[in-house]
Every structure is written in structure tokens, then in C-alpha cells.
Undergrad: 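Below is one structure. I have some questions about it.
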Amino acid sequence: MKNRVTHTAGIARKRRDPHNIDPVITEIVRNGVIAVTEEMKTNLMRTAYNIIIYEALDFTTGLFTPKGETISIGIGLPMFIRGMAETVKAKIAHFDPVNMHPGDIYVTNDSYLTGSHLNHVTLTLPIFHKGKLIAFSCCMAHWLDIGGIHGGMSTDIFAEGLQIPILKYQDRGRVNATVVDIIRQNVRLPSRAMGDLRAQVTAVKTGERRFLELIERYGRDAVLGAIAAIMDHAEAMARMRTRTIPAGIYEAESYMDDDGIDIGRKVPIRVRVIVEGDEMTVDLSEVSKQVRGFYNSGISTGYACAQVAYKCLTSPTDYPINDGSFRSLKTIVPPGRVISAVRPAPMRWWMTYPMTIVDTIFKALAPAIPDRVIAGHHADLLASSFHGINERTSEFFIGSFGPLGGGWGAKLTEDGVSATVCINDGDTHNSPNEQAEFKFPIVVERYALVPDSGGAGRRRGGLGVERVVRARTNMVVNNQSERAHCRPWGLDGGLDGTGNAVELRIAGEWKRDFPNAKVLVAQLKPGDAFKIRSGGGGGYGNPLARPVEQVREDVRQGYVTVKSAAELYGVVLDPDTFEIDARATEKLRAARMAHRTAANAHSA
């Protein structure tokens with residue numbers, strides 16, 4: 001087949017003799033590298049200038065081998081798992097290890113390397129011990145602004161801001177002032193950008209210092225040998241768990257609402273998963289070709305889609321996260337897809353489509369491993385941005401709350417979680433309302449769970465969240481959300497959750513009739529407001545099989561309304577006391593079950 005790129009996350013290594021590996025040192029190193037990357041995170045948060053880093057935690061830190069293999073990454077954005085490693089490898093290829101020196105720091109934000117947008121700036125520091133290159137310390141973090149158009153839709157990468165090729169930010173300890181000047185000249189808030197740049201320098205230097213301390217304490221050969229053993233063990237565990245998945249070919253499809261330009265034209269998502277023995281192949285050949293709107297991402301994100309899904313299915317609690325876990329995974333990603341876009345495709349909202357691809361991989365494997373997958377989740381950041389002039393300070397501001405959170409899909413044995421950040425952003429947080437109100441001229445009028453948003457099922461989907469924000473000055477609002485129409489799907493008879501939505505209140509009237517959840521360059525005056533509502537998760541199993549007492553408790557908690565309890569779950573409750581009408585419930589459930597059985601027989 002033409003134009004196919006097959007990526008193997010790792011190549012099986014020659015097994016080391018376990019008798020030559022000290023198990024005590026190995027466990028110390030296992031926890032040591034996790035501690036290093038976590039301290040890198042902490043120092044970045046403490047020194048960063050922008051909320052999106054120190055509060056939303058939109059960044060990831062990591063340690064890598066001299067070949068660019070992941071040793072450990074600080075728990076952060078799952079989708080960075082491949083982008084950071086590929087960026088380190090590209091820097092190795094660009095400079096060549098023989099030209100690397102202690103005190104060097106390399107910088108880039110190349111979207112086609114990182115797989116994400118230009119706002120993600122990556123710093124990489126080579127770590128030397130007694131003249132030998134032994135590792136890399138790396139940090140990828142979101143800058144609030146990188147220049148380019150502000151708001152609206154971009155149709156190529158050139159409109160999206162400053163592109164920084166692989167450069168030396170620091171050469172043998174000396175900062176490249178030219179690089180700094182170019183960056184400062186091309187961003188709207190240079191003091192913030194320089195502050196975040198220095199914070200990232202702090203993070204990678206923390207990684208260098210702490211890793212060298214580990215080497216000095218336990219010996220270079222012992223530590224590096226332990227890291228290799230940890231990777232081998234991670235590989236063995238992933239292979240063992242892959243063998244528990246029935247062999248076969250599994251397929252599923254979904255779609256995105258549109259690309260923000262061809263409104264209403266669905267963007268198809270089709271995946272194929274092949275399980276053979278202890279190996280899995282994720283084939284993304286039938287994912288949509290890159291689109292005109294800014295929802296594309298680079299090929300390393302295509303690899304990351306497969307890796308995130310595979311990690312969740314085979315080794316979700318195995319740490320540190322390292323390349324050994326992915327040696328038994330292969331990914332087929334042709335170039336030119338929405339998750340392998342080529343220049344000059346726009347990439348500014350890169351993160352939305354990949355998480356639906358992960359959802360769809362779970363959907364494909366649901367028949368094979370129903371106890372290990374979840375129904376669909378809200379799958380979007382719901383992160384509106386707003387900007388204008390703050391009348392109190394007469395300064396330009398750019399504001400955002402970070403990811404809103406929403407409903408996750410139910411599992412075979414558990415209800416879905418509510419108000420939780422989407423899978424792309426993992427460990428990121430939303431910003432406290434009070435902090436946003438202090439920093440920006442806004443008022444949060446409402447922030448609450450949305451009743452009935454979770455898909456009904458034997459296990460109920462998680463609930464979405466609604467936030468209403470009132471403007472206190474003239475401002476421009478941008479919202480780029482997806483999955484308004486491709487609602488989070490249920491599994492095994494569970495019902496879909498609600499989709500994501502956006503509304504505007506202009507001059508006291510709410511406008512709700514948008515064709516999707518994308519509202520770009522909306523002008524608000526003081527007193528106007530915008531409302532963002534995240535979708536709920538899909539349900540799992542027949543809603544009529546949900547225990548009556550659980551439905552009553554859902555209603556009592558405000559998760560489900562009395563009306564939906566009757567219509568979806570067949571449970572009749574007193575609207576005032578929430579007492580169960582047992583006879584009416586039995587009769588209603590029997591009628592609903594008979595209707596459901598007849599409908600299934602007819603469709604068959």
C-alpha cells in the first residue's frame with residue numbers, strides 16, 4: 001500500500017540477565033526518576049507566569065535516554081507522550097551528539113515535530129556525566145501567546161504565530177540573545193513569555209541536577225542498567241496483558257462535527273485494531289485526511305493516540321511511563337491525515353480530534369474486552385478564550401479558564417465520572433473562578449453540574465458542567481469546541497450523553513441556535529455573557545436494569561430529574577419526597593422492557 005508509515009513504538013531489546021540487576025537499586029531508580037520528573041513539574045509551576053501553566057498545568061516534563069527513548073514523564077498531558085520523544089530525537093539528529101555540550105539547551109515549537117500547536121514550546125537539555133552523554137531533560141509547556149492571528153479561524157500554519165526551528169537557546173551556558181530578541185518581538189505579552197521561558201529553563205535544569213544526583217549516589221552503570229531493566233519489565237507486562245485480549249480484527253467509526261469552515265460537513269473517524277498474540281496494531285489509515293480548518297495535528301500525535309489507548313488498556317498504573325510499555329504496539333499512520341498533517345496545514349486547535357480517535361479505539365475493542373473500556377466521553381477542552389482591554393489597568397489581557405471538564409463514559413462496573421478533564425489533557429486542571437475574576441474583567445454567574453447530561457444505563461454516564469461568564473468590559477470571545485452532534489455514545493444498550501454546547505447572551509437575550517459548538521470572534525459588551533456546557537458521558541448497559549434505589553439516589557442528588565427517571569429508567573418517584581412508587585415502577589419497567597425487546601427484534 002502506498003504512503004503508509006508504520007511506526008513501532010519500540011524495538012524488543014535483548015533480555016538482560018536478571019541476576020546482574022540489583023532489584024533494590026532498580027526500585028530506588030524506578031521511584032527516583034518519577035521523583036525527578038515530578039520535581040521538574042513543581043519547579044515549573046512555582047516559577048511560571050501564566051495561569052495556563054501554574055494552575056491549568058498545561059505542560060509535561062520528562063527524562064529521555066541518549067537515543068531519545070522515554071525514561072519517565074511527569075504526569076501531565078497524555079498526548080505529549082510521543083511529541084516530546086520525537087522532538088528530542090529530532091534535536092539529536094539535528095545537532096548530532098558529538099556537537100552537544102554541557103550547558104546546551106535546545107528550543108523549538110515546530111508543530112510538525114511536536115504534533116501540536118505553536119504555543120507548545122519545548123526545551124531540551126543534554127545531561128553529561130564525566131564527559132559522557134547519559135540522558136536528556138525536557139519540558140514542553142503551553143505559552144499563552146505565540147503571535148499570529150488572535151481569535152477566528154486560521155487556514156495555514158503561517159497565520160498561527162512564530163515558528164521556532166530547532167535552535168540553541170543556550171550554548172555551553174551562554175544564552176543566545178538573538179533567539180530571545182526574536183521571540184520577544186513576536187509575542188503580545190513579552191514579559192509573560194520570557195517569564196515562562198525562564199521557568200522552563202528552571203525545569204530542565206532541575207531534571208539535570210536531580211538525575212546526576214541519582215547517578216552519583218548509586219553509580220552510572222547501576223542507574224542506567226536499572227532504567228534498561230525497568231523498560232524491559234514494562235514491555236513484558238504490556239505483552240502479558242495484550243495476550244489477554246482475544247486475537248482478532250476490531251473496527252469502529254465515529255465522526256467530528258466539522259472543521260469550522262465547511263460547517264455541517266462531518267469529518268469521518270475510522271479505526272482498525274489488530275490483536276495478534278502479545279502485539280497490537282492500531283491502523284489509522286481510514287481517519288479523515290487533513291482539513292482546511294485548524295483542527296489538524298502532526299504525525300507524532302497519531303502515534304500518541306495509539307499509545308494513550310494502549311497504555312489505558314494494558315498498563316494504566318505501571319510507572320514510570322516509559323518506552324518499554326510500547327514495544328509491543330505498532331501504529332499505521334499515513335501522512336496527510338488530521339492526525340498526521342503536513343505543511344502548511346493549520347494546527348492551532350490540534351487537541352480535539354485525537355481524543356475522539358482514542359474514544360473510538362475503545363469502542364472498537366468493546367466487544368472483545370467489555371470490562372476494560374469505557375463508553376464515549378465529552379472529548380473536548382471546552383476552553384473558551386477571551387481578550388480585550390482591562391479598563392482597570394488599561395492593559396491588553398488574554399484570559400482563559402483552562403479545560404472545563406465534563407462527563408466521562410460509564411464502565412461495565414462503574415458509573416462515569418463527572419466534571420472531569422478530557423483524556424487529551426489528563427492531569428490538567430481548570431482555573432478557580434475567583435482567580436479568573438480577580439485577573440480579568442469578568443464575573444462567573446454560574447458553575448454547576450448539568451442534570452440529565454449523563455447517558456442513561458445500568459451504569460450511568462458522568463455529568464457535564466455549565467459555566468456562565470458575564471463580561472465587565474468590551475471583549476472578544478472565541479470557542480472552538482467539538483462533539484455537539486457526535487454525542488458521547490453508550491455501550492451495550494446504554495444511551496448517549498448530551499453533546500457539548502455554547503450559548504451567548506447579547507442584550508439580555510440568549511442565542512442558542514448555533515450550527516455547532518464553535519463561536520469565533522464573538523463581540524461582547526458589558527453585561528453580555530457566554531455559556532459553555534460540556535457534554536455528559538455515555539451510559540453502559542440497559543437503563544431499565546439500573547437498581548431502583550440507585551435511580552432514586554441519582555434524583556435525590558440532582559443528577560437525574562424525576563421526569564427522566566420515569567422516561568429513561570422506568571422509575572416512578574414522588575416529585576416532592578422522592579419516594580418510590582413500587583407498583584407503578586414495576587408496571588412501567590415491564591412495559592418499557594417489552595417495547596425494547598420488540599424494537600430489538602424488529603431491528604434484527
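Excluded from the calculations below are hydrogen atoms, water molecules and symmetry mates; all remaining heavy atoms, backbone and side chain alike, are included.
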Undergrad: Looking only at atom types and distance, does a side-chain atom of Glu482 sit under 3.5 Å from a main-chain N or O of Thr352, one as donor and one as acceptor?
TA: no
Undergrad: Testing Ser328, Ser325, Ser315 for side chain to side chain contact (heavy atoms under 4.5 Å, CB included) with Tyr310, which one passes?
TA: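 Going through the options one by one, the only one that passes is Ser328.
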Undergrad: Any side-chain to backbone donor/acceptor pair from Thr420 onto Gly405? Under 3.5 Å, distance only.
TA: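 No, because the side chain of Thr420 does not come within donor-acceptor range (under 3.5 Å) of the backbone of Gly405.
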Undergrad: How far does CG of Leu329 sit from NZ of Lys311, to the nearest 0.5 angstrom?
TA: 12.0 Å
Undergrad: Are the charged groups of Asp318 and Arg30 less than 4.0 angstrom apart, N to O?
TA: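 No salt bridge links Asp318 with Arg30.
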Undergrad: Is there side-chain contact between Phe294 and Met347, with heavy atoms separated by less than 4.5 Å?
TA: no
Undergrad: For residues Phe95 and Tyr106, establish whether the separation of their ring centroids is below 6.0 Å.
TA: yes
Undergrad: Distance-only, no hydrogens or angles: does the Asp359 side chain make a donor-acceptor pair with backbone N or O of His377 under 3.5 Å?
TA: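 Such a contact is found between Asp359 side chain and His377 backbone.
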Undergrad: Please verify the inter-ring angle class for His387 with Phe396; under 30° counts as parallel, over 60° as perpendicular, anything in between as tilted.
TA: tilted
Undergrad: With a 3.5 Å distance limit and no angle check, can you tell me whether Asn50 reaches the backbone of Leu144 through a side-chain donor-acceptor pair?
TA: no
Undergrad: I'd like to know whether Trp349 forms a side-chain hydrogen bond (donor to acceptor under 3.5 Å, both in side chains) with Glu160, so could you lay out the CA-CA distance, the side-chain angles of the two residues, the decisive distance to 0.1 Å, and finally the verdict.
TA: CA-CA 10 Å; Trp349 218 246; Glu160 296 185 341; over 6 Å; no
Undergrad: Tell me whether Arg272 at atom CZ has more than 12 heavy atoms from other residues, nucleotides or ligands lying less than 6.0 Å away.
TA: no
Undergrad: Should the heavy atoms of other residues, nucleotides or ligands under 6.0 Å from CZ of Arg217 be counted, would the total exceed 12?
TA: no
Undergrad: Quick one: CD1 on Ile339 to CD1 on Ile357, what's the gap to the nearest 0.5 Å?
TA: 4.5 Å
Undergrad: Give a yes or no answer on whether the side chain of Asn31 reaches the backbone of Ile34 with a donor-acceptor pair at less than 3.5 Å.
TA: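 Side chain of Asn31 to backbone of Ile34: no pair is present.
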Undergrad: Check whether any side-chain N or O of Thr242 sits under 3.5 Å from a backbone N or O of Glu279 as a donor-acceptor pair, and report yes or no.
TA: no
Undergrad: If you define the side chain from C-beta out and look only at heavy atoms, does anything of Met45 sit under 4.5 Å from Glu55?
TA: no
Undergrad: Just wondering, more than 12 heavy atoms not from Lys205 lying within 6.0 Å of its NZ?
TA: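 Not buried by this count: 12 neighbours or fewer within 6.0 Å.
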Undergrad: Starting from the C-alpha separation in whole Å, work towards a yes-or-no answer on side-chain contact (heavy atoms from CB on, under 4.5 Å) for Ile81 and Ile321.
TA: CA-CA 9 Å; Ile81 193 171; Ile321 298 171; 3.5 Å; yes
Undergrad: Is Lys439 reaching over with its side chain to a backbone N or O of Phe397, donor-acceptor style, under 3.5 angstrom?
TA: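 Pair absent, no side-chain N/O of Lys439 close to backbone of Phe397.
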Undergrad: Stepwise, does the salt bridge (Lys or Arg N to Asp or Glu O under 4.0 Å) test hold for Asp104 with Arg174?
TA: CA-CA 8 Å; Asp104 285 357; Arg174 177 175 295 180; over 6 Å; no
Undergrad: Between Ser340 and Arg337, is there a donor-acceptor pair closer than 3.5 Å when you use the side chain of the first and the backbone of the second?
TA: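 At least one qualifying donor-acceptor pair exists.
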Undergrad: Is it the case that the side chain of Asp196 and the backbone of Ala48 share a donor-acceptor pair, with hydrogens and angles ignored and the cut-off at 3.5 Å?
TA: no
Undergrad: For Phe80 together with His120, are the ring centres under 6.0 Å from each other?
TA: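 Close enough - the centres of the two rings lie under 6.0 Å apart.
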Undergrad: Please check if the side chain of Thr70 supplies one atom and the backbone of Phe64 the other of a donor-acceptor pair under 3.5 Å.
TA: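 Not confirmed, Thr70 side chain does not pair with Phe64 backbone.
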Undergrad: I'd like to know if Lys411 pairs up with Glu414 as an ion pair, taking the criterion as any Lys NZ or Arg NE/NH1/NH2 lying under 4.0 Å from an Asp or Glu carboxylate oxygen.
TA: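 Looking at Lys411 and Glu414, the cut-off is met.
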Undergrad: Go through the steps to decide whether Ile398 and His150 satisfy the test side-chain contact (heavy atoms from CB on, under 4.5 Å), and finish with yes or no.
TA: CA-CA 10 Å; Ile398 303 173; His150 198 63; 3.6 Å; yes
Undergrad: Verify the neighbour count for atom CZ of Arg46: are there more than 12 heavy atoms of other residues, nucleotides or ligands below 6.0 Å?
TA: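 Atom CZ in Arg46 is not packed in, count stays at 12 or less.
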Undergrad: Output yes when Glu235 and Arg239 qualify as a salt bridge under the 4.0 Å nitrogen-oxygen rule, no when they do not.
TA: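 Yes, charged N to carboxylate O under 4.0 Å.
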Undergrad: For the pair Asp110 and Lys91, find out whether any cationic side-chain nitrogen is under 4.0 Å from an anionic carboxylate oxygen.
TA: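 Salt bridge between Asp110 and Lys91, a charged N being under 4.0 Å from a carboxylate O: no.
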